Amino acid sequence: MSDHNHDHHGHDDHGHGHHGHDDHNHGSLKSYTIGFILSVILTAVPFWLVMGNVFANPATTAFTILGFAAVQIVVHMVYFLHMNAKVEGGWSMLAMMFTLILVVIVLSGSIWVMYHMNANMMPGMDAHQMRNMP
Amino acid sequence: MSDATLNPSSRYFVREHHPENGTLLGFWIYLMSDCLIFAVLFATYAVLGRNYAGGPTGAELFDLKLVALNTSMLLLSSITYGFAMLEAGRKRLGATMGWLIVTGLFGAAFISLELYEFVHLLHENAGPQRSAFLTSFWSLVATHGLHVSFGIVWLVTLLFQLKKHGLTHENMRRLTCLSMFWHFLDVVWIGVFTFVYLMGVLP
């Protein structure tokens, strides 16, 4: 019986600890401000790169702004969504990782497969004709 | 005998504690499924985004200054929602509702600018039926816009609930869920303005 009591008390303690952690998780003025300043910079630079025609090569611009977007998404996840490996005992992170794997498969798979469909299945089509494809 | 029956039941009670926090995890999983919807729409745009069918291209249609303004509206609404959460943590009802109203106004400004852009596109004869590029564009951007619109409806509903019941435990949970939803939509918008608008105007 005493063992059971002890067990219950232990769990209760854990519950309170978790609650305290949750409250802490709403972030602070400092973390929101840091997140906001970082995202303003990470938004302004890609717009400047594209609107100011900074790079001569469009592919360089494309990869650079994709990199900025990836960094900004991480910034939003950390500073606004308060994402870390401890939220909900790690289950949120696990769900996100699983989703990210699916997203990568869907995106890269679609682009890869459809690019090769275009390249291999339509001989004799030059770039100008491709532009006018539906 | 009694000990044997007691132990499993006590474990059962311990498990009953979980649904308290289960809402937030469940809502996070809903957001992840929403993320997959957007992933499919992004993939569609990635495949079809350059098939103009002789119609207008992204470079001809997109007004980047408008998109920059739109992006700043959504970014500002994210930080003001953060301020609302901070005030809610301090149990200050009036300030929480004030920041929520500011957030809602920024959200409404975002939707208004987006609708203005959509009307402009329709006047240019660039509706969703014009080309594969425009179909995928409208599907992706309008789905995001619909999410923001429903977020605003949710926010107004929550304002009434806050006014009536105050910062109760349930309302804090609702506030946290909407906070996740709102910030998640901002994350999706990062993908939209980068992948659709900025990369769309590149040659």
Side-chain angles (χ1 to χ4, degrees), chain A residues 1 4 7-8 11-12 15 18-19 22-23 26-29 31-33 35-36 39-40 42-44 46-47 49-51 58-59 61-62 65-66 68-69 72-73 76-77 79-81 87-89 91-92 95-96 98-100 102-103 106-107 109-111 113-115 130-134, chain B residues 3 6-7 10 13-14 17 20-22 24-25 28-29 32-33 35-36 38-40 42-44 46-48 50-54 57 64-65 67-68 71-72 75-76 78-79 81-83 85-86 88-89 131-132 176 179-180 183-184 186-187 190-191 193-195 197-199 201-203:
Chain A
M1 196 62 208
H4 158 74
D7 199 16
H8 192 77
H11 271 285
D12 230 351
H18 195 76
H19 191 69
D22 252 15
D23 275 353
H26 291 313
S28 62
L29 182 62
S31 74
Y32 276 114
T33 313
F36 182 69
S39 24
V40 167
L42 290 165
T43 305
F47 271 95
L49 286 178
V50 172
M51 290 166 93
T61 314
I65 62 175
L66 278 179
F68 270 97
Q72 196 183 349
I73 286 173
H76 276 238
M77 283 286 172
Y79 289 102
F80 290 162
L81 281 162
V87 181
E88 303 287 340
W91 287 105
S92 295
M96 191 177 76
F98 176 63
T99 312
L100 278 182
L102 289 183
V103 167
V106 166
L107 278 176
S110 307
I111 294 167
V113 167
M114 295 312 286
Y115 175 78
M130 289 292 279
R131 250 177 75 93
N132 297 330
M133 283 290 292
Chain B
D3 202 37
L6 208 79
N7 255 339
S10 79
F13 276 125
V14 166
H17 277 296
E20 192 88 87
N21 293 319
L24 294 183
L25 178 58
W28 180 255
I29 289 173
M32 291 299 101
S33 72
C35 183
L36 289 179
F38 280 109
V40 170
F42 271 110
T44 312
V47 170
L48 300 173
R50 297 267 163 173
N51 295 352
Y52 303 117
T57 65
L64 283 189
K65 279 180 192 136
V67 180
T71 305
S72 56
L75 201 53
L76 283 167
S78 250
I79 181 83
Y81 202 109
F83 291 155
M85 288 304 287
L86 290 177
S131 65
T176 311
S179 156
M180 285 154 75
H183 292 311
F184 167 75
D186 206 6
V187 170
I190 298 170
F193 81 70
T194 304
F195 195 61
Y197 287 104
L198 291 181
M199 285 174 72
V201 301
L202 292 175

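The sequence lines fix the lettering, A, B, ..., with proteins before strands; numbering per chain opens at 1. Nothing here was measured: the structure is a model prediction, and the numbers come from that model. Reckoned from all heavy atoms, side chains included, excluding hydrogens, waters and symmetry mates.
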Taking atom [atom1] of [X] and atom [atom2] of [Y], what is their separation to the nearest 0.5 Å?
{"X": "B:Leu24", "Y": "A:Ser92", "atom1": "CG", "atom2": "OG", "result": "8.0 Å"}
{"X": "A:Phe98", "Y": "B:Leu36", "atom1": "CZ", "atom2": "CG", "result": "8.0 Å"}
{"X": "A:Leu102", "Y": "B:Ser33", "atom1": "CG", "atom2": "OG", "result": "11.5 Å"}

State, to 0.1 Å, how close [X] and [Y] come at their nearest heavy-atom pair, and which atoms those are.
{"X": "B:Ala39", "Y": "A:Val106", "answer": "O-CG1, 4.2 Å"}
{"X": "A:Gly27", "Y": "B:Leu86", "answer": "O-CD2, 3.2 Å"}
{"X": "A:Ala95", "Y": "B:Ile29", "answer": "CB-CG1, 4.2 Å"}

Test side chain to side chain contact (heavy atoms under 4.5 Å, CB included) on B:Trp28 and A:Met96; report intermediate values, then the result. CA-CA 9 Å; B:Trp28 180 255; A:Met96 191 177 76; 3.8 Å; yes
Engaged part of [X] at the chain A interface, taking heavy atoms whose separation is under 4.5 Å:
{"X": "B:Phe83", "value": "side chain"}
{"X": "B:Val187", "value": "both"}
{"X": "B:Leu202", "value": "side chain"}
{"X": "B:Thr194", "value": "both"}

Between B:Val40, B:Asp186, B:Val201, which shows the greatest number of heavy-atom pairs under 4.5 Å with chain A?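 Top option by heavy-atom pairs under 4.5 Å: B:Asp186.
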Pairs of heavy atoms under 4.5 Å with chain B: top-ranked of A:Val113, A:Thr61, A:Thr33, A:Leu66: A:Leu66
Less than 4.5 Å to any heavy atom of chain B: does that hold for the side chain of A:Leu29, its backbone, both, or neither?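 For A:Leu29, heavy atoms of backbone and side chain both lie under 4.5 Å from chain B.
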Toward chain B, the part of A:Met114 with a non-hydrogen atom under 4.5 Å: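 For A:Met114, the side chain is the part near chain B, not the backbone.
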Any chance you could lay out the side chain to side chain contact (heavy atoms under 4.5 Å, CB included) test for A:Leu107 and B:Phe42, step after step, and finish with the verdict? CA-CA 7 Å; A:Leu107 278 176; B:Phe42 271 110; 4.0 Å; yes
Does the side chain of A:Ile65 reach to within under 4.5 Å of the side chain of B:Phe195, using non-hydrogen atoms?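 Side chain of A:Ile65 against side chain of B:Phe195, heavy atoms only: no contact under 4.5 Å found.
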Partners of A:Thr43 by side-chain contact (heavy atoms from CB on, under 4.5 Å), sequence neighbours excluded?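 For A:Thr43, the residues satisfying side-chain contact (heavy atoms from CB on, under 4.5 Å) (neighbours in sequence not counted) are A:Phe47, A:Gln72, B:Thr71, B:Leu75, B:Phe193.
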